[in-house]
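Contents: one structure, followed by commentary.
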Number of protein chains: 2
Amino acid sequence: MTKESKIPNPTIERLAFYSRPLEALLKGGPPVISSEKLAGLCGVNPAQVRKDLAYFGEFGVRGVGYEIRDLLKEIKGILATDREWTLCIVGMGNLGISLVENENFKKRGYLFVAAFDSDTRKIGRQLPCGLTIEPERKIRELVRELGIEIGVITTPSRAAQRVTEILSDAGVKAILNFAPIQVRTPESCIVENVDFSVKLENLVYHLERLYKGKKNG
Amino acid sequence: MTKESKIPNPTIERLAFYSRPLEALLKGGPPVISSEKLAGLCGVNPAQVRKDLAYFGEFGVRGVGYEIRDLLKEIKGILATDREWTLCIVGMGNLGISLVENENFKKRGYLFVAAFDSDTRKIGRQLPCGLTIEPERKIRELVRELGIEIGVITTPSRAAQRVTEILSDAGVKAILNFAPIQVRTPESCIVENVDFSVKLENLVYHLERLYKGKKNG
DNA sequence: CGATTCATGTGCATTATTTCACAATATTAG
DNA sequence: CTAATATTGTGAAATAATGCACATGAATCG
Ligand SMILES: NC(=O)c1ccc[n+]([C@@H]2O[C@H](COP(=O)([O-])OP(=O)(O)OC[C@H]3O[C@@H](n4cnc5c(N)ncnc54)[C@H](O)[C@@H]3O)[C@@H](O)[C@H]2O)c1
Ligand SMILES: NC(=O)c1ccc[n+]([C@@H]2O[C@H](COP(=O)([O-])OP(=O)(O)OC[C@H]3O[C@@H](n4cnc5c(N)ncnc54)[C@H](O)[C@@H]3O)[C@@H](O)[C@H]2O)c1
């Protein structure tokens, strides 16, 4: 019985997480995996794995486990990664280049179909991946023409909010923002922020507690 | 009264988050901010802001708010970002280069003092930031010599676990891993994983629910 | 075929986190 | 000085997420 009425957000993140080792396991070894094994690979509790999956259906067989191939297909269906998504990226500095050149995205169905920058020296340059850097003012036109659904922002912070507005205005439905500020979007556009420094700050907080021999932190 | 006995992990992440707008506010405008304003800028509940801060002391003045300069200093003290940290990075591909060349890290006190790769064509190359790419086999020696505390991993997945072991073995106390696998460390070494695709998968899950007009997701 | 083993799916207790709501304290106006 | 207003710090309530523990069904063995 599927009961998608009240799914914890962490569950969604973990589903993506589970799919990583599953993909690797597909390439060899037994065709079935237990919640215990999978949990071990992902560093979570086995009951957690079972509960997460049970929100969406009964994918396992009691006494046996989960058929890896099937499970992966189910997870991809749930996450909607069983189709291709068209993305554009704005801000072709070091990070922007690094993202569009990364093979993993294409492999997972995330297709960068346009790249924008405001720097006239960069506009027109062709990238190894085949994309040509377009001027910022063509965002609206190309988002519509190419049916771009997701925008990735890799500009400096000061430009991020303006770019967000241009993108959402052009019809992009979701934004992944790498600039270390909290951008605001209209209702019609969802946003995720990625901030590496927050992760680092987390690490050093815990490190410092360790050094000081504190129990918590 | 400071009671650091039971601090929620999300609190630590939010502290880092709060410091971003505070830094910006330092550069102009009123010297004091209310929990409500700060909460607004960070997209959280005002009571959350107050409670998060109250775990570590009484930094505000009732009826008035928080002195921005002081608050920032307190947060930096808590997170241990009021000192410099020495890092090294392993895997000087696109992402690795992008990280070491990024000014924000230095600005926040995160100093990359060594860069490693296994590719003989890359070893010896000097980067714009001044670092020279060192061979992987020098990790142990340089970590000790330079007192490196944190290791950043930007190698392909297949190398990440081995690199983790080399780093923790060499005495690194914390690892920030960008390869999309869950690396395991001994007790003496803490680890944070950053996986952009998980964020994307989150976005498309929610997007798909929106398209389908589902209430939840 | 019955007994044994294995591993899922899930109700429920536990633990963690967020939010409310208000007493306490500071400031401002009259 | 008193009243009105602002905003913190916090106990208690509400909400969210996790993990235990076990009934349930499948597979295997003798
Ligand atoms: N490089 C990293 O490793 C890293 C890490 C964490 C966060 N970030 C953040 O990601 C963002 C990009 O980082 P980077 O290192 O690539 O910076 P960068 O300076 O190399 O690149 C920024 C690019 O954005 C372009 N740009 C500026 N304004 C624009 C606008 N209005 N429209 C379109 N393009 C515009 C610039 O021309 C430039 O090409 C920054 O906000 C940075 O803080 C980067
Ligand atoms: N580029 C991105 O935007 C991006 C996004 C998400 C995740 N990642 C992950 O980050 C990692 C790096 O990405 P990238 O795009 O820079 O890849 P890349 O292939 O450009 O760079 C990888 C580098 O690691 C080096 N390397 C390989 N094995 C090594 C070893 N044992 N010791 C030291 N160095 C070694 C290679 O020589 C190469 O220089 C990958 O795991 C990738 O999946 C990258």
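Reminder, nothing fancy here: chain letters follow the sequence lines and each chain counts from 1.
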Does the side chain of [X] get closer than 4.0 angstrom to OP1 or OP2 of [N] through an N or O atom?
X	N	result
A/Arg14	D/dT18	yes
B/Tyr55	C/dT17	no
B/Ser35	D/dT8	yes
A/Asn45	D/dC20	yes
A/Lys6	D/dA16	yes

If the threshold is 4.0 Å, N to carboxylate O, is there a salt bridge linking [X] and [Y]?
X	Y	answer
A/Asp169	A/Arg140	yes
B/Arg83	A/Glu208	yes
B/Lys76	B/Glu23	yes

Select one nucleotide: of [options], the one nearest the side-chain heavy atoms of [X].
X	options	result
A/Pro8	C/dC20, D/dA17, C/dT10	D/dA17
A/Val64	D/dT8, D/dA26, C/dT18	D/dA26
B/Tyr66	D/dT10, D/dT8, C/dT18	D/dT8
B/Val61	C/dA26, C/dG9, D/dT18	C/dA26

For [X] and [N], what is the distance between atoms [atom1] and [atom2] respectively, to the nearest whole Å?
X	N	atom1	atom2	answer
B/Glu36	D/dG9	CD	C1'	16 Å
A/Asn9	D/dT15	CG	P	18 Å
B/Phe59	D/dT8	CZ	C1'	13 Å
B/Phe17	C/dT18	CZ	P	13 Å
A/Gln48	C/dA13	CD	P	19 Å
B/Leu53	C/dT18	CG	P	13 Å
A/Ile12	D/dA16	CD1	P	15 Å
B/Ile7	D/dT10	CD1	P	14 Å

Side chain of [X], base of [N]: donor and acceptor closer than 3.5 Å?
X	N	answer
B/Arg62	C/dA24	yes
A/Lys51	D/dG19	yes
A/Arg50	C/dG9	yes

*Using the ring of each side chain (for Trp, its six-membered ring), is B/Phe196 parallel, tilted or perpendicular to B/Phe178, with breaks at 30° and 60°?*
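Perpendicular: the ring planes of B/Phe196 and B/Phe178 meet at over 60°.
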*asked:* Classify the ring geometry of A/Tyr110 against A/Phe105: parallel below 30°, tilted from 30° to 60°, perpendicular beyond 60°.
replied: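 Correct class here is perpendicular.
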